[in-house]
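Quick notes on the structure that follows.
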Amino acid sequence: RQVLHMRDDALERIDGGVPYTVTEVEYFTLEENEHVAKRIYGTMTTPNYTEDIGPDVLLTRDEDGLPYYNGTREINFTIIVPRILIDEKRAGPIIQYGHGLMGSQSEVRGGYLGEIANRYGYVLLAVDWTGMSSVDLTSIIFMIINGGSRFGIIPERCQQGFIEQMAAIETLQNNLAQDDELMVETDEGESISIVSSSPSYYYGNSQGGILGNAYFALSPHFTRGVFGVSGAPYSVLLPRSVDFDEYFMIFKTMYPDFMDISLWMGLMQTLWDPSEPTAYLDAISIDPLPNTPSKNVILQIAQGD
């Protein structure tokens, strides 16, 4: 209920896109990068529903426990433009990419993503997963050390992250698509955008497939997506993840009995449910959320995962 309330309020505010600024453009010759023509970096002004802008914050809540709008916040974005769209002077659909555990949008610069984008003519878009990105790392470690009473900073910031992801793709589908850096002149002398506003797709790996699962179910912008090595719930996933080993070293220092850690994780899962796949699996295709289309996904599961 709280996430839908926040989503619907935010979609009204970001209708047609939010203000943005392009801060840097990297251009590549064919010799430098055979797949990518340019990388575009910038900032967007998105709705904010947390107490403050920093990482160690919770959602704002009214007397009914529902998040309320608390001004705006700036987020960074990265866009990858494949060479094929520039060379062929045509538009391509958007793929929004979700990064891995405690990572950042910089993952979208990975060579294999540029190769896929160039082979099939996609424009890649990425922003950080607010709540579980590199920016949140220090506050999460201190939260664990201090006993976990503020565990809510993870799932509630992730819910704010869903809003930022939606603002990013709606902006690229609309006003950002008309930016000079995303325009090309055809042989007939017509200036067109290389961004096709529809359809758009989602692709996330690891954490990007986990958080992406919930985001994908909530977002009205997609009907197809791919989740790489995802799963649910987090309380089951994390104890089995080699990427989480360093955090468990902290847990093991505080709680030598693994049963205590399991109990802690299980209790915290009740706070995590609104921002991870457990609460949204049926909503993807069986029972879509209000004003949200039914969707199809491909799951890429690792052997032995």
Side-chain angles (χ1 to χ4, degrees), residues 10-46 74-98 105-127 164-204 215-216 219-226 292-293 295-296:
L11 287 175
E12 288 186 8
R13 297 178 187 277
I14 64 179
D15 184 31
V18 299
Y20 74 90
T21 301
V22 172
T23 57
E24 181 185 358
V25 183
E26 286 184 293
Y27 303 97
F28 300 99
T29 65
L30 183 61
E31 291 73 23
E32 292 171 327
N33 194 319
E34 62 179 316
H35 303 298
V36 174
K38 64 174 80 172
R39 295 174 185 155
I40 303 171
Y41 306 97
T43 62
M44 293 181 183
T45 305
T46 71
E74 296 293 311
I75 67 167
N76 297 318
F77 68 83
T78 301
I79 297 171
I80 307 296
V81 177
R83 193 167 299 282
I84 191 172
L85 297 181
I86 301 296
D87 293 344
E88 297 184 0
K89 302 174 183 178
R90 63 178 176 86
I94 302 166
I95 288 184
Q96 187 169 24
Y97 180 74
Q105 62 190 275
S106 63
E107 288 181 20
V108 79
R109 303 202 302 260
Y112 81 99
L113 289 169
E115 182 178 353
I116 291 172
N118 195 51
R119 183 182 304 167
Y120 300 107
Y122 296 126
V123 177
L124 302 179
L125 167 68
V127 300
E164 295 164 14
Q165 298 278 350
M166 290 182 206
I169 191 163
E170 180 138 344
T171 301
L172 183 53
Q173 287 176 335
N174 292 280
N175 53 331
L176 180 50
Q178 305 304 313
D179 190 272
D180 289 345
E181 292 294 343
L182 291 167
M183 303 293 286
V184 66
E185 187 172 314
T186 67
D187 294 337
E188 292 74 27
E190 179 186 6
S191 183
I192 65 167
S193 174
I194 62 167
V195 179
S196 176
S197 61
S198 180
S200 296
Y201 306 105
Y202 177 81
Y203 177 38
Y215 166 61
F216 185 75
S219 176
H221 300 101
F222 312 105
T223 57
R224 293 187 178 186
V226 178
T292 312
K295 304 169 184 186
N296 293 302

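Below, all heavy atoms of this structure are taken into account, side chains as well, without hydrogens, waters or symmetry copies. In this chain, numbering begins with 1 at the start of the sequence shown.
With sequence neighbours excluded, no residue forms a salt bridge (Lys or Arg N to Asp or Glu O under 4.0 Å) with E74. With sequence neighbours excluded, the residues forming a ring-ring contact (aromatic ring centres under 6.0 Å, His included) with Y203 are Y97, listed by chain and number. For E24, there are no side-chain hydrogen bond (donor to acceptor under 3.5 Å, both in side chains) partners at least two apart in sequence or on another chain. For T78, the side chain to side chain contact (heavy atoms under 4.5 Å, CB included) criterion is met by Y41, I80, Q105, V108, not counting sequence neighbours. Legend: residues meeting side-chain hydrogen bond (donor to acceptor under 3.5 Å, both in side chains) with S219, ordered by chain and number and at least two apart, are H221. Every residue was checked against the salt bridge (Lys or Arg N to Asp or Glu O under 4.0 Å) condition with R83, not counting sequence neighbours, and none meets it. Remark: R224 pairs with no residue by the side-chain hydrogen bond (donor to acceptor under 3.5 Å, both in side chains) rule, at least two apart or across chains. Scored by the side-chain hydrogen bond (donor to acceptor under 3.5 Å, both in side chains) test, Q165 finds Q96 as partners (sequence neighbours excluded).
Every pair passing side chain to side chain donor-acceptor pair (under 3.5 Å) that includes a residue from residues 189-202 is listed here, sequence neighbours excluded: Q173-S200. Residue pairs meeting the salt bridge (Lys or Arg N to Asp or Glu O under 4.0 Å) criterion with at least one partner in residues 164-173, sequence neighbours excluded, are R73-E164. Screening residues 27-37 for salt bridge (Lys or Arg N to Asp or Glu O under 4.0 Å) gives no qualifying pairs among residues at least two apart or on separate chains. Sequence neighbours left out, the pairs with a member in residues 174-183 that pass salt bridge (Lys or Arg N to Asp or Glu O under 4.0 Å) are K38-E181.
Of all heavy-atom pairs between T171 and Y20, the closest is CG2-CD2, 4.3 Å. The shortest non-hydrogen separation linking I86 to I194 is CD1-CD1, 4.3 Å. Among all heavy-atom pairs drawn from L182 and L176, the shortest one is CD1-O, 3.3 Å.
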List the steps and the verdict of side chain to side chain contact (heavy atoms under 4.5 Å, CB included) for I14 and T46.
CA-CA 8 Å; I14 64 179; T46 71; 5.8 Å; no
Residues R90, L85; criterion side chain to side chain contact (heavy atoms under 4.5 Å, CB included); working and verdict:
CA-CA 5 Å; R90 63 178 176 86; L85 297 181; 3.6 Å; yes
What verdict does the side chain to side chain contact (heavy atoms under 4.5 Å, CB included) test give for F77 and L172, after you've listed the backbone C-alpha separation in whole Å, the side-chain angles of each residue and the deciding distance to 0.1 Å?
CA-CA 10 Å; F77 68 83; L172 183 53; over 6 Å; no
Steps toward side chain to side chain contact (heavy atoms under 4.5 Å, CB included) verdict (I192, V184):
CA-CA 6 Å; I192 65 167; V184 66; 3.8 Å; yes
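Counting heavy atoms from C-beta on, the side chains of V18 and R13 never come closer than 4.5 Å.
In this structure a side-chain-to-backbone donor-acceptor pair under 3.5 Å is missing from N118 to V36.
Distance check: H35 NE2 to F28 CZ gives 12.5 Å after rounding to the nearest 0.5 Å.
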